[in-house]
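Structure first, then comments.
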Amino acid sequence: MPSAPLSDILVPWYRQFARDLPWRRDGFGAWGTLVSEFMLQQTPVARVIPLLEAWLARWPTPTDLANAAPGEAVAAWANLGYPRRALWLHRAAVEIRDRHNGVVPREVDQLLALTGIGDYTARAVAVFAYGDHHPVVDTNTRRVMARALSGRAHPGAAHKRDLEQMAALLPDDRAESALMNAAVMELGQVICTARSPKCGDCPIRDACAWVAAGSPATEDTRRKQAKYEGSDRQARGAVMKALRAAAPDPLPRAALLVDWHDLEQRERALISLENDGLIEPDGELVGLPTR
DNA sequence: TAAGCGTGGAG
DNA sequence: TCTCCAAGCTT
């Protein structure tokens with residue numbers, strides 16, 4: 001006898017237990033969804049929420065952001081991390097203003113063409129903002145699928161194939177399929193977590209291949225994060241933190257990383273930040289980008 | 001394809 | 001204390 005589709009279990013579970021998050025409220029809008037997705041790329045929900053609300057109050061439309069200086073966006077990004085995302089979000093806003101009459105596009109191909117938007121974010125906007133029928137695959141989704149469908153403890157490297165695997169789990173109905181995408185992500189975030197999954201609370205444990213196999217500790221092929229202490233990233237972070245604090249004023253080049261012991265690394269950080277467009281030299285001064 | 005890219009909370 | 005990890009994207 002065939003078992004019920006997972007969506008028959010997960011969609012009702014999601015309706016009952018989904019957390020009340022700002023971007024899930026009615027009328028949040030495509031721009032709000034887009035900004036939230038940029039901020040949520042590798043940054044935890046709790047840190048995003050307050051900054052997201054401030055961001056949208058300041059720049060309620062893509063055109064509002066596009067008309068601001070990129071450095072304002074970088075400064076407002078505050079401690080969200082990966083400040084290139086602020087720059088990319090600003091560029092995407094400019095592209096939306098110039099190519100889409102200030103309206104966040106609905107088509108996945110058009111979304112993918114925007115700066116800083118990849119397979120996940122494009123489909124997240126199309127599905128969560130516009131309610132269209134696409135598979136949305138993030139790291140939570142891939143972990144849930146690895147366990148429930150493949151019986152592995154960890155997902156492998158991201159692959160296009162993941163989209164097809166998720167698409168096969170979606171019900172035909174558009175609204176239901178959007179909920180299923182959200183439900184799988186939610187399950188991965190609150191139940192089927194990376195470190196200590198709460199299998200006792202899982203609504204699909206009876207259908208889970210990993211549980212059925214005895215929850216084996218299978219090989220973890222994920223790439224380990226490079227050491228942060230003493231890294232170039234840490235040096236870049238220190239520069240950006242100082243410039244955010246001084247903004248909108250620039251700082252003397254000599255004042256940046258003044259305590260940094262490794263002068264070569266200091267130069268490397270400044271050069272790479274300039275190459276990324278995150279800082280702008282102006283004689284002896286260095287500031288956030290003005291255009 | 002794999003490396004590079006921030007920040008801070010949780011276990 | 002310290003390692004792990006968090007709604008990825010670009011090159």
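Residue numbers start from 1 in every chain, and the chains themselves are labelled A, B, ... in the order their sequence lines are given, proteins ahead of strands. Just so it is clear, the structure is predicted and the values come from calculations on it, not from any experiment.
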Donor-acceptor contacts under 3.5 Å from residues 53-60 of chain A side chains, at least two apart:
residue	atom	partner	partner atom	Å
A/R58	NH2	A/E72	OE1	2.9

Tell me every residue that passes salt bridge (charged side-chain N to carboxylate O under 4.0 Å, His left out) with [X], counting only those two or more places apart in sequence or in another chain.
X	result
A/D276	A/R236
A/E267	A/R253
A/D20	A/R25

Determine whether the side chains of A/R19 and A/Q189 contain a donor N or O and an acceptor N or O closer than 3.5 Å. yes
Go through the side-chain N and O atoms of A/D138 and A/T141 and say whether any donor and acceptor fall under 3.5 Å apart.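 Side-chain D/A pair, A/D138 to A/T141: present.
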Sequence-aligned protein contact record of nucleotides 4-11 of chain B, with B where the base is within under 4.0 Å of a protein heavy atom and S where only the sugar-phosphate is: BBBBB---
Expressed as a whole number of angstroms, how long is the span from [X]:[atom1] to [N]:[atom2]?
X	N	atom1	atom2	answer
A/L89	C/dC9	CG	C1'	13 Å
A/N140	C/dA6	CG	P	7 Å
A/N275	C/dT11	CG	C1'	13 Å
A/Y120	C/dC9	OH	P	9 Å

Residues forming a side chain to side chain donor-acceptor pair (under 3.5 Å) with A/T121, sequence neighbours excluded: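 Side chain to side chain donor-acceptor pair (under 3.5 Å) list for A/T121, sorted by chain: A/Q41.
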Salt bridge between A/R123 and A/D119, side-chain N to carboxylate O under 4.0 Å? yes
Between A/R15 and A/E176, is there a side-chain N and carboxylate O pair less than 4.0 Å apart?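 Yes, A/R15 and A/E176 are salt-bridged.
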Which of residues 184-194 of chain A sit near DNA chain C, with a heavy atom under 4.0 Å from it?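 Result for residues 184-194 of chain A: A/M185, A/Q189, A/A194, sorted by number.
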Under 4.0 Å, heavy atom to any atom of DNA chain C: which of residues 143-176 of chain A qualify?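 Heavy-atom contacts with DNA chain C come from A/R143.
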For DNA chain C, produce a single dot-bracket line, 5' to 3'. Pairs: Watson-Crick or G-U wobble, both distances under 3.5 Å. Symbols: ( ) within strand, [ ] crossing, | other strand, . unpaired. .|||||.||||
Can you give the donor-acceptor pairs under 3.5 Å from side chains of residues 77-84 of chain A to other protein atoms, not counting sequence neighbours?
residue	atom	partner	partner atom	Å
A/W77	NE1	A/G81	O	2.8
A/Y82	OH	A/R233	NH2	3.0

Give me the atom names and distance for the closest heavy-atom approach of A/A18 to A/R24. CB-NH1, 3.9 Å
Any A/L10 side-chain heavy atom under 4.5 Å of A/L169 side chain: no
Just distance, no hydrogens or angles: give the donor-acceptor pairs under 3.5 Å from side chains in residues 152-159 of chain A, sequence neighbours left out.
residue	atom	partner	partner atom	Å
A/R152	NH1	A/H154	O	2.9
A/H154	ND1	A/R222	NH2	3.2
A/H159	ND1	A/R161	N	2.9

Of the residues in residues 107-114 of chain A, which ones touch DNA chain B at a heavy-atom distance under 4.0 Å?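 Result for residues 107-114 of chain A: none.
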For a quick check of understanding: with a heavy-atom distance under 4.0 Å over all strands, which category does A/T139 fall into, base, sugar-phosphate or nothing? sugar-phosphate
